[in-house]
**Q** 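Input: one structure, supplied below.
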Amino acid sequence: NGLIAGVLVLKMHGHAITNIVDNSCSAECTPFLIDADGVIVHHPDPRYRYRSLTSLAPEQATLIESERRFGDNKVESLDLLELARQIEKHREGGNADYVSTVDALEKITGFASLSALKWVVVISEPKVEFSRPLIRLYNSGLLSALLIGATFSLIGLAFAQIFLRPLRRLTAAAAAVKRVAISSMRS
């Protein structure tokens, strides 16, 4: 009948989720959680908590402030437009390359949705760090190819010498016969 029957006060502790997120990657990467409004609710660096990826709509910002959802903190934008666009486009999960407006680094980010909370778990890493194992793999492959090429070149030279030895002997014998024939013709 639409009447309020009571009030439920629920105190949620996000420590369980944040502990899992914080322990999910190495020291080079940065894990963070984004709520359904696009506001970072957890970040290892407190300066980025309660900031949005992009500017919030005025009515959304007013609602968040009136609810005092993040205490006295005013939700400011980090202007991470490309990251926000990719998260919105692939809501269930995906990855994105973007240049961070915070530290001006190229970053590679993986993200996945937490359907129960409508939050998004994001793990971001500088592209340099992400690429380091690939570059090591490429360099070791290149070194292996060079070593294999050098080895087979040496084997090829050895075989060439083996095959050329009888030809050199034949050439030397033909030259000797020619010299004998020329000297016998002179005498």
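Starting from 1, each residue takes its place in the sequence as its number. Since we're looking at a predicted model, the values are computed, not measured. Side-chain atoms are counted along with the backbone in the values below, which use heavy atoms only and exclude waters and symmetry mates.
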**Q** To check you understand the geometry: which heavy-atom pair defines the closest contact between Ile34 and Phe32, and what is its length?
**A** CD1-CE1, 3.9 Å
**Q** Report yes if some heavy atom in the side chain of Leu33 is under 4.5 Å from a heavy atom in the side chain of Val120; otherwise report no.
**A** no
**Q** Is there side-chain contact between Arg49 and His42, with at least one heavy-atom pair below 4.5 Å?
**A** yes
**Q** Check whether Arg51 reaches the backbone of Leu78 with its side chain - one donor and one acceptor, N or O, closer than 3.5 Å.
**A** no
**Q** Keeping Asp37 on the side-chain end and Val39 on the backbone end, is there a donor-acceptor pair under 3.5 Å?
**A** no
**Q** CD1/Ile135 to OG/Ser140 distance, rounded to the nearest 0.5 angstrom?
**A** 12.0 Å
**Q** Determine whether Leu147 and Leu143 make a side-chain contact, defined as any pair of heavy atoms from C-beta on separated by less than 4.5 Å.
**A** yes
**Q** With a 4.5 Å limit on heavy-atom distance, are the side chains of Lys127 and Lys107 in contact?
**A** no
**Q** Please answer: with hydrophobic residues joined when any side-chain heavy atoms are less than 4.5 Å apart, are Ile148 and Phe159 in the same cluster?
**A** yes
**Q** Check whether any side-chain heavy atom of Pro44 sits under 4.5 Å from a side-chain heavy atom of Pro31, and report yes or no.
**A** yes
**Q** When clusters are formed by joining ILVMFWY residues with side-chain heavy atoms under 4.5 Å apart, either directly or through shared neighbours, do Ile162 and Ile155 land in the same one?
**A** yes
**Q** What's the spacing between Glu92 CD and Ile87 CD1 if we round to 0.5 Å?
**A** 12.5 Å
**Q** Within this structure, what is the CG-CD distance for the pair Leu105 and Glu129, rounded to the nearest 0.5 Å?
**A** 10.0 Å
**Q** Measure the CD-OG1 distance between Glu67 and Thr62 for me, rounded to the nearest 0.5 Å.
**A** 11.0 Å
**Q** Hey, is the main chain of Tyr48 close enough, under 3.5 Å, to the side chain of Asp45 for a donor-acceptor pair?
**A** no
**Q** Side chains of Asn95 and Thr109, heavy atoms from C-beta outward: is any pair under 4.5 Å?
**A** no
**Q** Is the shortest side-chain heavy-atom distance between Glu125 and Arg132 below 4.5 Å?
**A** no
**Q** Hey, what do you get for CD (Glu82) to OH (Tyr98), rounding to the nearest 0.5 Å?
**A** 10.5 Å
**Q** Please tell me if the side chains of Thr30 and Ile123 come closer than 4.5 Å, counting only heavy atoms from C-beta onward.
**A** no
**Q** Between Phe152 and Phe163, is there a shared hydrophobic cluster once you connect ILVMFWY residues whose side-chain heavy atoms come closer than 4.5 Å?
**A** yes
**Q** Just how far is it from atom CG of Asp97 to atom CD1 of Ile108, taken to the nearest 0.5 Å?
**A** 5.0 Å
**Q** Determine whether Thr54 and Leu80 satisfy the following criterion, side-chain contact (heavy atoms from CB on, under 4.5 Å), listing intermediate values before the conclusion.
**A** CA-CA 6 Å; Thr54 62; Leu80 297 172; over 6 Å; no
**Q** In this structure, would Tyr50 and Trp119 fall into the same cluster of hydrophobic residues linked by side-chain contacts under 4.5 Å?
**A** yes
